[in-house]
Amino acid sequence: NAGVTQTPKFQVLKTGQSMTLQCAQDMNHEYMSWYRQDPGMGLRLIHYSVGAGITDQGEVPNGYNVSRSTTEDFPLRLLSAAPSQTSVYFCASSPAWTGVLEQYFGPGTRLTVT
Amino acid sequence: AQSVTQLDSQVPVFEEAPVELRCNYSSSVSVYLFWYVQYPNQGLQLLLKYLSGSTLVKGINGFEAEFNKSQTSFHLRKPSVHISDTAEYFCAVSDGGSQGNLIFGKGTKLSVKP
C-alpha cells in the first residue's frame, strides 16, 4: 500500500491564481480530511469527508472547496489564492469505524502564495 | 469548545536525559487524547492515544503519557532521549469521540543535543 499520497510536494502561486491540491489513499478509508499547518499554530482542520459524496467544513474553511466523488480521492481547491493561504497542507484518512482514533497522514504539500 | 495548550514551544535537552512535554486540555466531557510526532519535512505519526482505562499509556519509541483528569493534563514523557527523537510533538483532543475532529495544540519542538 502506498498509504496517503499528496501532490504536488511544493507549489508557488501568484495571488489570484487557482489550483487543486491532490490527495489519494489506497486503504479504502471512508474518512478523509484536510489540515493546514502554520508556524506556531499547530494543525487546523479545513474540510473533512465521511464518505463519497459527503463533505463538511472544519475550523478554517474559507477560501477552500472540496468534493468527494470517489472513496480514494479528496482534492482541495483554492479558487483564488491569497498570501494568507501560504502554509503546509496535510491530508489524512482513516476507516469509518475508527474515525480520528487511527488517522494516517500524508507527507504534506508546501504552498507559497506571492 | 475544546482546546489544547502545549505549555512549552521549545524544549532543549541533552541526549540520554529524561524529558517531559506538557499538555493541558479543556473539556467538560470525556475525551480522547493523542500525541503525534512530526519529524522534519514529514507528515504526522501517531505516538500514543488515551481512550479509557489505565491512565498511563505507552506508545512507540519508548514514549509514555499519563492522563490526569483532575488536572486536565496529558503530559508526554521519555526516560532517556536520543538524537533521533528531535522532532515536533503535537498534543490533540477529539471534540466528539471517535467520530469527532481533532483539535491540535500548537506543538513543542524537542531538540536533543549530544
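Letters A, B, ... mirror the listed sequences (proteins, then strands); counts begin at 1. What you are looking at is a predicted structure, and each value in this text was computed from that prediction instead of being measured.
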Is chain A contacted by the side chain of B:L44, its backbone, both, or neither, given a heavy-atom distance below 4.5 Å? both

Test side-chain contact (heavy atoms from CB on, under 4.5 Å) on B:F34 and A:L101; report intermediate values, then the result. CA-CA 8 Å; B:F34 307 80; A:L101 305 187; 3.7 Å; yes

Tell me whether B:V31 is reachable from B:L21 by hopping between hydrophobic residues (I, L, V, M, F, W, Y) whose side-chain heavy atoms are closer than 4.5 Å. yes

Indicate, with yes or no, if B:F74 and B:V11 share a hydrophobic cluster defined by side-chain heavy-atom contacts under 4.5 Å among Ile, Leu, Val, Met, Phe, Trp and Tyr. yes

Which heavy atom of B:Q38 sits nearest a heavy atom of A:F90, and at what distance? NE2-CZ, 3.1 Å

What part of B:I103 gets closer than 4.5 Å to chain A, counting heavy atoms only: side chain, backbone, both or neither? neither

Within this structure, what is the CG-OG distance for the pair B:L102 and A:S94, rounded to the nearest 0.5 Å? 8.5 Å

By a 4.5 Å heavy-atom criterion (distance strictly below it), what part of A:R110 contacts chain B: side chain, backbone, both, or neither? side chain

Using non-hydrogen atoms only, which part of A:L45 is less than 4.5 Å away from chain B: side chain, backbone, both, or neither? side chain

B:N101 side, atom CG; A:E59 side, atom CD - distance, nearest 0.5 Å: 10.0 Å

Would you kindly confirm whether B:Y39 and B:L47 end up in one hydrophobic cluster when ILVMFWY residues are joined by side chain heavy atoms under 4.5 Å apart? yes

Can you tell me which of B:G105, B:C91, B:A92 forms the most heavy-atom pairs within a distance under 4.5 Å of chain A? B:G105

If I measure from the heavy atoms of chain B, does A:Y104 come under 4.5 Å with its side chain, its backbone, both, or neither? neither

ILVMFWY cluster, A:F10 and A:L78 together (side-chain gap under 4.5 Å): no

Tell me, side chain or backbone of A:Q103 under 4.5 Å from chain B's heavy atoms, or both, or neither? both

According to a hydrophobic-cluster definition based on side-chain heavy atoms being under 4.5 Å apart (Ile, Leu, Val, Met, Phe, Trp, Tyr only), do A:Y35 and A:Y48 belong together? yes

